[in-house]
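So the structure is just underneath, and the comments pick up after that.
Sequence lines set the chain letters: A, B, ... in the order given, protein chains first and strands last, and positions in each chain run from 1.
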Protein chains: 4
Amino acid sequence: MADSPRWRRRKEARPDEILEAALAEFAARGFAAARLHDIAAAAGITKGTLYLYFPSKEELFKAVVRGTILPRVAALEAVVEAAEAPAAVLLASLIQRWSELLQIPQICAIPKLVLSESGNFPDLARFYYDEVITRGLGLVRGLLRRGVAAGEFRPIDVDYAAFSVIGPLLLSMLWRHSLEPNGAAPLDGAALARSHADLLLRALSMEGRP
Amino acid sequence: MADSPRWRRRKEARPDEILEAALAEFAARGFAAARLHDIAAAAGITKGTLYLYFPSKEELFKAVVRGTILPRVAALEAVVEAAEAPAAVLLASLIQRWSELLQIPQICAIPKLVLSESGNFPDLARFYYDEVITRGLGLVRGLLRRGVAAGEFRPIDVDYAAFSVIGPLLLSMLWRHSLEPNGAAPLDGAALARSHADLLLRALSMEGRP
Amino acid sequence: MADSPRWRRRKEARPDEILEAALAEFAARGFAAARLHDIAAAAGITKGTLYLYFPSKEELFKAVVRGTILPRVAALEAVVEAAEAPAAVLLASLIQRWSELLQIPQICAIPKLVLSESGNFPDLARFYYDEVITRGLGLVRGLLRRGVAAGEFRPIDVDYAAFSVIGPLLLSMLWRHSLEPNGAAPLDGAALARSHADLLLRALSMEGRP
Amino acid sequence: MADSPRWRRRKEARPDEILEAALAEFAARGFAAARLHDIAAAAGITKGTLYLYFPSKEELFKAVVRGTILPRVAALEAVVEAAEAPAAVLLASLIQRWSELLQIPQICAIPKLVLSESGNFPDLARFYYDEVITRGLGLVRGLLRRGVAAGEFRPIDVDYAAFSVIGPLLLSMLWRHSLEPNGAAPLDGAALARSHADLLLRALSMEGRP
DNA sequence: AATGAATGAGGGTTCATTCAT
DNA sequence: TATGAATGAACCCTCATTCAT
């Protein structure tokens with residue numbers, strides 16, 4: 001029994017298993033309504049053990065948000081910054097990459113979680129704003145600016161245009177996470193990405209200009 | 001003290017005062033973390049009195065969401081359906097009207113509230129999907145369809161295009177409600193509306209087409 | 001309307017209507033679980049009005065018990081004291097009279113009520129003991145004593161024999177009130193009275209004695 | 001203080017300690033008026049700990065009643081069924097055994113508790129009727145039937161006679177529990193048992209019959 | 001490292017009682 | 001006299017957190 005490999009505890013894997021279980025629970029119920037008992041059970045441990053890894057429910061929650069989202073943002077940034085392609089191509093590619101995140105439920109849960117708990121966790125909202133939103137918006141704005149500067153895009157207010165780019169992508173994540181499980185029509189991420197990119201590129205193009 | 005009565009009868013005004021206080025509290029903390037004690041205090045009554053008007057915390061929450069959002073949707077519908085103007089004009093007008101809702105914090109709180117609690121209140125999410133989202137999307141889709149049929153807009157996939165229209169508007173509400181209080185740059189609703197409408201109309205226009 | 005006789009309030013009748021409703025409610029739920037709201041509703045008035053007639057729930061409860069039981073005891077006492085018949089006849093008659101009380105649910109409820117709440121209402125238990133039990137037992141003991149003195153009954157310990165007389169009668173009331181509504185076999189009060197009287201008279205008789 | 005731990009693990013002993021404390025509290029106040037806080041304190045624990053052992057106040061109450069009474073009934077049954085003695089001897093023995101239960105306050109509390117709460121706990125009343133009353137009455141009835149069949153007892157209506165046997169025994173329990181603490185004359189259980197048995201045996205005997 | 005019994009503060013809910021009308 | 005809106009104390013129950021094992 002004691003030496004059965006099934007029961008060998010991988011000490012290093014623990015924190016990640018806990019974070020995964022916690023994300024699922026927090027996403028399903030919100031911070032306040034999530035129970036540590038359920039998180040522990042889902043992670044295959046007991047309540048007391050949680051406290052060996054995280055000092056409180058709050059810290060666990062913050063660790064969940066911080067740990068889940070940052071790597072993704074960095075990945076998207078890399079896509080854009082490394083490339084030399086025309087802005088139009090990069091924009092379409094960025095939208096398409098983002099739409100692929102729709103396949104990952106844990107990712108779709110994060111925006112809802114942060115927006116939901118922004119009132120109770122101001123520092124988390126701030127962190128998310130600084131590390132995710134600002135960087136994400138900056139990514140898009142830089143891209144638009146490049147396009148305008150290169151004469152690919154017509155001159156626009158880049159700051160607000162970025163909202164037109166990102167809004168539908170955020171909407172699709174919230175839709176997937178919060179509405180589809182409650183009877184909403186399922187979303188075809190790829191089709192949405194194509195449609196959105198098509199509209200945006202047309203909106204930005206110089207065509208038809210004198 | 002002796003000459004100020006402990007309480008006063010205000011049966012008629014009470015429910016609305018309660019709903020207002022409850023919306024503020026639910027919006028700030030979420031359903032689970034909101035305390036009836038605080039809602040009551042904000043409404044100028046005591047906890048027990050809440051139960052003269054609403055049978056439980058849950059029902060109070062549902063009444064808040066239902067009562068706050070429905071009138072607004074109906075108002076927006078009326079704007080579009082009554083008008084005979086070209087689709088492009090209507091679309092710009094719809095976006096501008098919506099952007100005016102950004103001035104009303106209570107309205108901005110609703111989407112977050114529903115998305116946050118969709119996991120704990122499936123029937124509320126369903127109600128919101130049926131009565132708000134479906135009707136809102138339908139409004140936009142009908143408008144786009146009219147424009148396409150009239151030869152004003154180029155032929156597009158109306159279903160997905162509606163996401164491109166609505167996404168940024170939703171984003172602006174969440175931004176105002178959840179991010180601005182936490183350090184995010186303030187949003188100029190009118191400017192955003194102009195920018196978004198400009199991009200959309202360009203994206204939809206026949207110009208530059210053979 | 002105002003002069004409709006149906007709605008004429010008989011001020012004098014009020015207290016009794018309240019007592020009746022209160023007895024039913026207290027009997028069904030016990031003192032603590034009975035709700036003044038329900039009592040008032042059953043009496044056709046509102047909660048506040050109760051306080052015009054009784055200063056508190058406790059006093060209402062005491063009035064219920066006191067008002068319901070005392071007249072009955074007095075009636076039974078009169079039966080015995082007035083009569084000149086032989087003790088055996090009187091005993092059978094007393095038992096039969098008592099068994100008739102089984103038809104009156106309100107009466108059957110009283111013993112349970114007093115026994116139930118004796119812990120919370122010591123003065124009520126005391127009152128009941130002094131005014132009902134002592135007098136009831138005294139009635140039976142006096143009767144037995146008369147029979148022994150007259151040579152009708154064999155010499156017995158009158159004090160304890162009274163328990164043998166009264167116990168089954170009490171049991172029948174509790175049975176009717178608490179058990180029959182919960183599936184117990186219905187009791188034939190008259191048959192029980194006959195059987196009990198028959199056994200008692202045989203137990204007390206001189207027959208078979210030298 | 002520093003050297004006395006705040007609590008100690010006693011998983012095995014706890015349930016019984018709780019049941020004991022709960023019985024005392026329920027017996028003293030009734031179900032509705034009993035406070036879990038007091039029960040917990042009497043058991044040497046805190047309120048929350050109760051819920052580790054019983055899921056609700058109701059279930060605790062039911063466990064109290066079920067756990068306290070069943071063993072006693074079984075014990076009495078064993079006394080009667082195992083014996084080969086004449087019915088008269090058994091009957092006197094049964095009454096005497098029962099009277100010994102008067103020494104155990106917890107037992108005397110049970111009938112009152114069940115009768116009191118029969119309105120609020122129909123299933124408990126049913127359980128008590130099925131498992132205690134029916135079996136107790138059956139015991140007595142079987143014994144009487146044996147005596148009649150053997151020619152020891154005169155022919156009587158066994159069903160009703162059982163009430164004459166049991167009623168005084170129940171009365172003595174209620175007396176002990178509810179009246180003695182409130183000023184009633186103390187009962188001598190042994191003397192009452194002798195008196196009752198004497199009367200019953202005389203009532204049932206064939207003596208003096210032609 | 002891991003457990004899970006125990007805690008205790010805090011929340012939702014009920015209801016006897018009060019009092020302006 | 002009668003109402004019923006309002007109160008506030010008290011109760012059951014939950015659950016994050018602690019700590020002896």
Grab the [atom1]-[atom2] distance between [X] and [N] for me, whole Å please.
X: B:Leu50; N: E:dG12; atom1: CG; atom2: C1'; value: 11 Å
X: D:Glu58; N: F:dC11; atom1: CD; atom2: C1'; value: 15 Å
X: A:Leu36; N: E:dT7; atom1: CG; atom2: C1'; value: 16 Å
X: C:Arg35; N: F:dG4; atom1: CZ; atom2: P; value: 18 Å
X: A:Lys57; N: F:dT18; atom1: NZ; atom2: P; value: 14 Å
X: A:His37; N: E:dA5; atom1: NE2; atom2: C1'; value: 14 Å
X: A:Arg14; N: E:dT3; atom1: CZ; atom2: P; value: 7 Å
X: C:Tyr53; N: F:dA2; atom1: OH; atom2: C1'; value: 8 Å

Completion exercise
Assign each of C:Pro55 and B:Ser56 the nucleotide of DNA chain E bearing its closest heavy atom; nearer the 5' end lies the nucleotide of B:Ser56

Could you tell me if the side chain of [Y] sits less than 4.5 Å from the side chain of [X], heavy atoms only?
X: D:Pro111; Y: D:Tyr128; value: yes
X: B:Lys62; Y: B:Asp123; value: yes
X: C:Leu23; Y: C:Glu20; value: no

Practice task
Identify whether any heavy atom of A:Ala40 sits under 4.0 Å from a base atom; if not, whether one sits that close to sugar-phosphate; answer base, sugar-phosphate or nothing.
Solution key: nothing

Exercise for the section: Would you classify B:Ala34 as touching base, sugar-phosphate or nothing, given that sugar-phosphate means primed atoms plus P, OP1 and OP2, and contacts are heavy atoms under 4.0 Å? Expected result: sugar-phosphate

Problem - B:Asn182 side-chain N/O to B:Ser178 backbone N/O, donor-acceptor pair under 3.5 Å - result: yes

Please name the nucleotide paired to [N] by Watson-Crick or G-U wobble geometry with both distances under 3.5 Å, or report none.
N: E:dA1; answer: none
N: F:dC13; answer: E:dG10
N: E:dT21; answer: F:dA2

Fill in the blank from the handout: Given the options D:Phe127, D:Phe54, D:Phe121, D:Phe61 meets ring pair (Phe, Tyr, Trp, His ring centres under 6.0 Å) only with D:Phe121

Fill in the blank from the handout: Out of E:dT3, F:dT7, F:dT1, minimum distance to the side chain of A:Thr46 belongs to E:dT3

Practice task
Go through E:dA16, F:dA16, E:dA6 for me and flag the one nearest to the A:Tyr51 side chain.
Solution key: F:dA16

Exercise for the section: Assess whether one donor atom and one acceptor atom, taken from the side chain of D:Lys47 and the base of E:dT7, lie less than 3.5 Å apart. Expected result: no

Problem - Any C:Thr49 side-chain N or O less than 4.0 Å from OP1/OP2 of F:dT3 - result: yes

Problem - 5'-most by nearest nucleotide on DNA chain F - A:Ala33 or A:Gly48 - result: A:Ala33

